[in-house]
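One structure below.
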Amino acid sequence: MKIIVLKFGGTSIGSIQRIKKVSKIIKSYSKKYRVIVLSSAMSGTTNKLINMSQKISKNFPDSEYDTLVSAGEQISCSLLAGQLLSNGIKSRSWMGWQIPILTEGSHKYSRIININKTKILRFLKSGGIPIIAGFQGINKDSNITTIGRGGSDSSAIMVAKFLKAERCVIYTDVEGVYTTDPKKLNSAKKIKKISYEEMLEMASLGSKVMQPHSIQDARLNRINIEVKSSFVRKNGTLITKRTNIINNKIITGISSTDNDAKVTLLGVKDRPGIAASIFKPLSKNSINVDMVVQNISSNGKETDLTFTIKSFDLNKTMKIIKRNKNINFKKMIFDKNVSKVSIIGVGMITTPGVTFRMFQALAKNNINIQVISTSEIKISVLINSTKVTKAIKSLHKEFNLEK
Ligand code: ASP
Ligand code: MG
C-alpha cells in the first residue's frame, strides 16, 4: 500500500468536536493507504504560549521558546491519537524528538534536514496510524527546536519526502487556492491544478493558504500537494509540477498586497555604487526591499530612485536613509497608500502581449501604475491602495478567470 501524509491545520482540530470530525476523515483514507498524520497545534494555542513567554520577558530565550511553543502540538497530537484509539483504530502520537526529526540552524527558525523512518515505518507496517507533531524537531545537541510560525506545512512535506509518500494532503479552513482572494472578489474561482512556481508566487505575494517555505520544499522534492477543506467534502487544489498541468489559461491567478510603502529619493547624486550605498544599510537592518526603479539621469549627475518596503519598516527606513553619510540627495518623499497587484501564470512565458493587456485593462479603469516589476511568470504593478479591488476585478475579467 502506498503512503499518504495528511496534515491538519489549527482550525481543523480547533475543538474536541473538530478532532472527532477529523478522526473520521483519517479513517476514510485508511482502507486505501498507509496513513501518516501531521498535526499543528489547536488554533490559538501557539499564540497563547507565546504571550505567556512575553509576560516573563520581551527577550524570552529562544531555546526555551522552542520547548514552550512545541507543547501546543503535543496536546493536539495526543488528543487526536487518543480519539482514534477510542474508535478502535491503532494509533500513537510522536513528538519530533521521538522519531527523531533532525533539524539544523538557530532556534525558532530551524530547518528539517533528516527524518528517521525506522520507527514510523515499523508502526505503519503493524497497521498503526502515527500522529506526528508538526512544527518541531530536535538538533544534534538534543535541544527541542521549531521551524518558524506556520511550520507544520513544511513538516508534512518533509515527512512525505523522507517516507516517500505518494502525496501530501493539507487540510485547512479554505477549500483550496483561488484565482484571487474570494474576500476581495466573489467571482474568484477555485483553481484545480497549479504549478509549484505559480503557487510560490501566489503564496509569497499574499495568498495565505500555505507557508511559502513549504511550497519550496515540495517543489525541490517533487511532492504532490492537495489543499482542501476539512469542513466540507469537496475537491481542493492540486499543487504539482508544470508538466502535470494542461491549462488553456494564460494567467492562473492574481494576488495583491496590502501593507506596502513607497519611498522616493529625488535628486540623488549619481555615481557608480550609489544604489549599493543606499540599500546596504537597509539589508543590514533586515529591511526587505521589494520593487526598485531608478531613472536615468537626464544631466548625468542626478537621478531619482524609488523603492518599496513593508509599511511597518517605513519609519526605520527613513531614519537609516537620513543617517546615511554615503549618499547625497535633495528630498525624500514617501507614500503609505500603495499596493502591489500581480498577475501570475506560466502561460505568459509562451504568450506575447500579456504585459500590454494588463496595462490596457488598468488604463481603461483609470488606474495609474506607479512602479512595474516582472519575472518570467509574473507581472507586478504598484498602484494606489484604494484601487486594488477595481484592479483585481478588471484583470480577473481581462484574463478570463471567472470561467
Ligand atoms: N502551531 C504552529 C504555529 O501556530 C505551527 C503551525 O500552525 O503550522 O505557528
Ligand atoms: Mg497554522
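In this chain, numbering begins with 1 at the start of the sequence shown.
K330 has a carboxylate O that lies under 4.0 Å from a charged side-chain N of E302, or vice versa, which qualifies the two as a salt bridge. Between D153 and K7 there is a salt bridge, since a side-chain N of the basic residue sits under 4.0 Å from a carboxylate O of the acidic one. Look at K310 and D260 and you find a salt bridge, because one of the NZ, NE, NH1 or NH2 atoms lies within 4.0 Å of a carboxylate O, short of that distance. Between E402 and K397, none of the side-chain N atoms (NZ, or NE/NH1/NH2) sits under 4.0 Å from a carboxylate O, so this pair counts as no salt bridge.
Checked by atom type, the side-chain pair E73/S76 shows no donor-acceptor distance below 3.5 Å. In summary, the side chains of Q360 and R357 do not present any donor paired with an acceptor at a separation below 3.5 Å, with no hydrogens or angles considered. Side-chain polar atoms of S256 and K184 form a donor-acceptor pair below 3.5 angstrom. Defined by atom type and a distance below 3.5 Å, a donor-acceptor pair is missing between the side-chain atoms of S78 and S93. Judged purely by distance below 3.5 Å, without hydrogens or angles, the side chains of S311 and N259 never pair a donor atom with an acceptor atom. Side-chain contact check for N139 and T145: no donor-acceptor pair (N or O, by modelled atom type) lies under 3.5 Å. Checking N384 against T386 by side-chain atom types alone, a donor-acceptor pair falls below 3.5 Å. Between the side chains of H107 and T146, no donor N or O sits under 3.5 Å from an acceptor N or O.
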Determine all donor-acceptor pairs shorter than 3.5 Å in which one atom belongs to a side chain in residues 321-328; sequence neighbours excluded.
residue	atom	partner	partner atom	Å
N324	OD1	N326	N	2.9
N324	ND2	S277	O	2.9

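Shown here is Y109, whose OH atom has no more than 12 heavy atoms of other residues, nucleotides or ligands within 6.0 Å. By the neighbour-count criterion of 12 heavy atoms within 6.0 Å, atom CZ of F334 is sparsely surrounded, having that number or fewer from other residues, nucleotides or ligands. Atom NZ of K48 sits in a sparse spot, with 12 or fewer heavy atoms from other residues, nucleotides or ligands closer than 6.0 Å. Annotation for N59: atom CG does not count as buried by contact number, only 12 or fewer foreign heavy atoms lying within 6.0 Å. Counting heavy atoms of neighbouring residues, nucleotides and ligands inside a 6.0 Å radius, atom NZ of K27 does not exceed 12 of them. Heavy-atom contacts from other residues, nucleotides or ligands closer than 6.0 Å to NZ of K190 number more than 12.
Note: F8 and Y171 meet the aromatic proximity criterion, with ring centroids under 6.0 Å apart.
Distance CG/L382 to OG/S342: 10.0 Å, rounded to 0.5 Å. Atom CE of M358 is separated from atom CD1 of I372 by 9.0 Å, given to the nearest 0.5 angstrom.
Each salt bridge (Lys or Arg N to Asp or Glu O under 4.0 Å) pair with one or both residues in residues 222-231, not counting sequence neighbours, appears once here: R167-E226, E226-K228.
Contacts of S12 classified as side chain to side chain donor-acceptor pair (under 3.5 Å), with partners at least two apart in sequence or in another chain: S230.
Taking the ring centre of Y196 as origin, the terminal cationic atom of K241 falls outside the region bounded by 6.0 Å and 45° from the ring axis.
One N or O on the side chain of T237 and one on the backbone of V177 form a donor-acceptor pair closer than 3.5 Å.
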Step by step, work out the side chain to side chain donor-acceptor pair (under 3.5 Å) result for N224 and T240.
-> CA-CA 5 Å; N224 287 324; T240 185; 2.6 Å; yes
